[in-house]
Amino acid sequence: MKVCVIGGAGYIGSHAVYELIRDNNEVVVIDNLSTGLRKAVHKDAKFYEGDITVKEDLVRIFEAECSKKPFDVVMHFAAKLIVPESVSMPLEYYHNNVEGLRIMLEVIKEFNIKNVVFSSTAAVYGEPVHEVCSEDDRTKPINPYGATKLACEEMIKWVSAAYGMNYCIFRYFNVAGADKSLEIGLEKDNLTHLVPITIQTALGIREKMQVYGNDYDTKDGTCVRDYIHVSDLAYAHVLGAKYISENNKSILVNLGSNEGYTVKEVIDEVSKIRHVNYEYVERRAGDPAKLIASNSKAKEILGWTPKYTLKDIIETDMAFRDKIGRK
Ligand code: UDP
C-alpha cells in the first residue's frame with residue numbers, strides 16, 4: 001500500500017509508520033512538527049512539513065505525491081489529545097481536531113482517495129454504561145477532547161455515506177510504551193500521561209508525582225484505565241488499512257486490552273523496579289472513574305490481540321527514557 005500518515009512525526013503516528021514500513025508499505029509523512037519530532041520519522045518514509053488545518057499545505061503535498069501514484073490509504077494522527085488541556089482550551093481543540101479533519105476529508109474527496117484510518121478515543125464513551133466498553137455502547141463525552149473526537153467520528157460517517165469512502169475508526173484506550181528498537185517513544189516536554197510521569201518519578205526526573213483522586217468508586221479509589229502498548233496499537237493500523245481497502249468496507253473498533261488497572265496498580269508495578277514517591281491530591285477535571293475496552297471486535301474482524309503486557313509497557317518506556325537521557 002502507499003500510505004499517507006498525517007501526524008507521522010508524533011508519538012503514535014511515528015510508531016504506526018515503523019509498523020507500516022516493517023510490513024513493506026510505501027509511507028509518506030505529513031506533520032507540522034508542533035509536537036512531533038523530525039527525528040522520529042522513519043528514515044525510509046518520505047517527509048513533508050505541512051499543517052492539517054491549512055488546506056493549501058495538503059493540496060500541495062497530495063498534488064506532488066498523487067500525480068506519481070495515488071495514496072491507497074490516508075491515516076490521521078494529527079490531533080490534540082490532552083484531556084485537561086482540552087477542558088481549558090476547548091476552541092483550540094475544535095479547531096485542530098474537527099476543522100483539521102474537515103479540511104483533510106475535503107482534500108481526500110478532491111483527490112478521490114478511497115480509504116481513511118482515523119484515531120478516535122475511549123473518551124467518546126464518557127462515563128461508561130458497562131464495566132467494559134463495547135463499540136455500540138452509548139457515547140456521551142464528559143470532556144472537550146472526547147467531544148471533538150465524537151464530532152469527527154460523525155463527520156467521517158456522513159462523508160463516507162455521501163462519497164463512498166471507506167473508514168476505519170479506532171477508539172484508543174490508554175496508549176504507552178516505546179518501540180522495541182528504542183529509536184522512538186513518547187518524547188516531549190510537559191508530559192501529562194500517567195505511565196511516563198510515574199516512570200519519570202521512578203527515575204528521579206521528578207521528585208514526587210500526584211495521584212488525582214482516591215475517592216472514585218473503584219477497588220482502591222483511584223481511576224481505572226486500560227493500558228495498551230503503542231506498538232500493538234500501531235500494528236492494528238496496518239491490519240485496519242488492509243481490511244477496509246481489501247473488503248471495501250468501513251469499521252469502528254476499540255483498541256484496548258480488556259483489562260483495567262488502577263492508577264495505584266500502575267504505580268505499584270513501576271515501584272517493583274524503582275521506588276515512586278507520590279501523594280494523593282484532588283480529582284482532575286474531566287476524568288471518568290473507569291475506562292476498559294472490550295477488544296473482541298478487533299479480534300473477530302482483524303484477528304488482532306495485544307501482545308505486550310503492562311510490564312512490557314513500563315519496561316520499554318523506562319528503557320526509552322533512559323536512552324534519551326532521562327527526560
Ligand atoms: N493521573 C494521575 N497522575 C498523573 C497523571 C495521570 O493520577 O500525574 C491519572 C489521571 O487522573 C487518570 C489516569 O491517571 O485517572 C490516566 O490519565 P492519563 O492522563 O494518563 O490518560 P487519560 O485517561 O486522561 O487519557
Side-chain angles (χ1 to χ4, degrees), residues 10-12 35 77 79-90 93 97 119-128 132-133 139 141-150 170-178 185-230 233 254-257 259-271 276-293 310 313-314 317-318 321 327:
Y11 172 50
I12 298 175
T35 56
F77 296 93
K80 288 184 170 287
L81 78 172
I82 310 291
V83 169
E85 186 182 70
S86 78
V87 174
S88 57
M89 302 165 56
Y93 272 66
N97 294 1
S119 312
S120 187
T121 169
V124 299
Y125 294 113
E127 290 288 358
V132 170
C133 301
T139 47
I142 60 166
N143 54 57
Y145 168 55
T148 61
K149 286 292 186 173
L150 188 58
F170 284 128
R171 289 182 179 159
Y172 302 167
F173 283 64
N174 287 62
V175 189
L186 180 57
E187 184 175 357
K188 63 177 188 181
D189 297 334
N190 309 319
L191 289 170
T192 61
H193 288 303
L194 179 68
V195 170
I197 282 183
T198 309
I199 290 169
Q200 286 184 326
T201 313
L203 291 174
I205 302 160
R206 288 169 193 260
E207 216 174 284
K208 197 188 241 185
M209 65 176 287
Q210 281 76 44
V211 174
Y212 301 124
N214 61 348
D215 57 350
Y216 285 96
D217 184 17
T218 61
K219 59 181 165 184
D220 58 21
T222 66
C223 289
V224 172
R225 295 287 182 277
D226 180 337
Y227 295 90
I228 179 87
H229 193 285
V230 65
L233 182 103
N254 284 339
L255 292 178
S257 73
E259 261 190 85
Y261 291 92
T262 66
V263 172
K264 174 79 170 50
E265 285 172 329
V266 171
I267 293 175
D268 289 345
E269 193 63 37
V270 176
S271 302
V276 177
N277 201 7
Y278 68 92
E279 63 183 347
Y280 290 113
V281 296
E282 286 297 293
R283 290 182 178 199
R284 191 176 74 174
D287 275 343
K290 280 187 201 169
L291 276 175
I292 306 172
L310 179 63
I313 291 172
I314 289 168
D317 185 86
M318 194 176 274
R321 237 154 269 296
K327 280 199 272 173

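Atoms within each ligand, like the ligands themselves, are counted from 1 in listed order. Below, all heavy atoms of this structure are taken into account, side chains as well, without hydrogens, waters or symmetry copies. Quick caveat: nothing in here was measured; it's all calculated off a predicted structure.
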Are any side-chain N or O atoms of His229 and backbone N or O atoms of Ala178, one a donor and one an acceptor, separated by less than 3.5 Å?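 Here the side-chain-to-backbone pair exists.
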What protein heavy atom sits nearest [atom], and how far off is it?
atom                    : result
atom 11 (O) of ligand 1 : Asp287 OD2, 2.5 Å
atom 25 (O) of ligand 1 : Asn174 ND2, 3.9 Å
atom 9 (C) of ligand 1  : Val263 CG2, 3.8 Å

Does any N/O atom on Leu194 come nearer than 3.5 Å to any N/O atom on ligand 1? yes
State the atoms of ligand 1, each with its element, that fall below the 4.0 Å cut-off from a heavy-atom position in Gln210. 2 (C), 3 (N), 4 (C), 7 (O), 8 (O)
Would you mind running through ligand 1 and noting each atom that sits below 4.0 Å from a heavy atom of Ile197? 8 (O)
Looking only at side chains, do Asp226 and Tyr172 share a donor and an acceptor under 3.5 Å apart? no
Do you see a donor-acceptor pair shorter than 3.5 Å between the side chains of Glu269 and Tyr261?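 Side-chain D/A pair, Glu269 to Tyr261: absent.
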Side chain, backbone, both or neither: which part of Thr192 comes within less than 4.0 Å of ligand 1 when only heavy atoms are counted?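 For Thr192, only backbone atoms sit under 4.0 Å from ligand 1.
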For atom 1 (N) of ligand 1, which of the options Tyr212, Tyr216, Tyr280, Tyr227 provides the nearest non-hydrogen atom?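 Nearest heavy atom to atom 1 (N) of ligand 1 lies in Tyr212.
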Return the option from His193, Lys290, Arg284 holding the heavy atom at the smallest distance from atom 24 (O) of ligand 1.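 Nearest heavy atom to atom 24 (O) of ligand 1 lies in Arg284.
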Report the residues that fulfil side-chain contact (heavy atoms from CB on, under 4.5 Å) with Glu207, sequence neighbours left out, ordered by chain and then residue number. none
Return the CD1 to CD1 distance between Ile228 and Ile313, rounded to the nearest 0.5 Å. 6.5 Å
Taking distance alone, no hydrogens or angles, what donor-acceptor pairs closer than 3.5 Å link side-chain atoms of residues 210-217 to residues at least two apart or in another chain?
from, atom 1, to, atom 2, distance (Å)
Gln210, NE2, Glu279, OE2, 2.7
Asp215, OD1, Arg283, NE, 3.0

I'd like to check Cys133 versus Tyr125 (side-chain heavy atoms, cut-off strictly below 4.5 Å). Are they in contact?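 A side-chain contact exists here, since the closest heavy-atom pair is under 4.5 Å.
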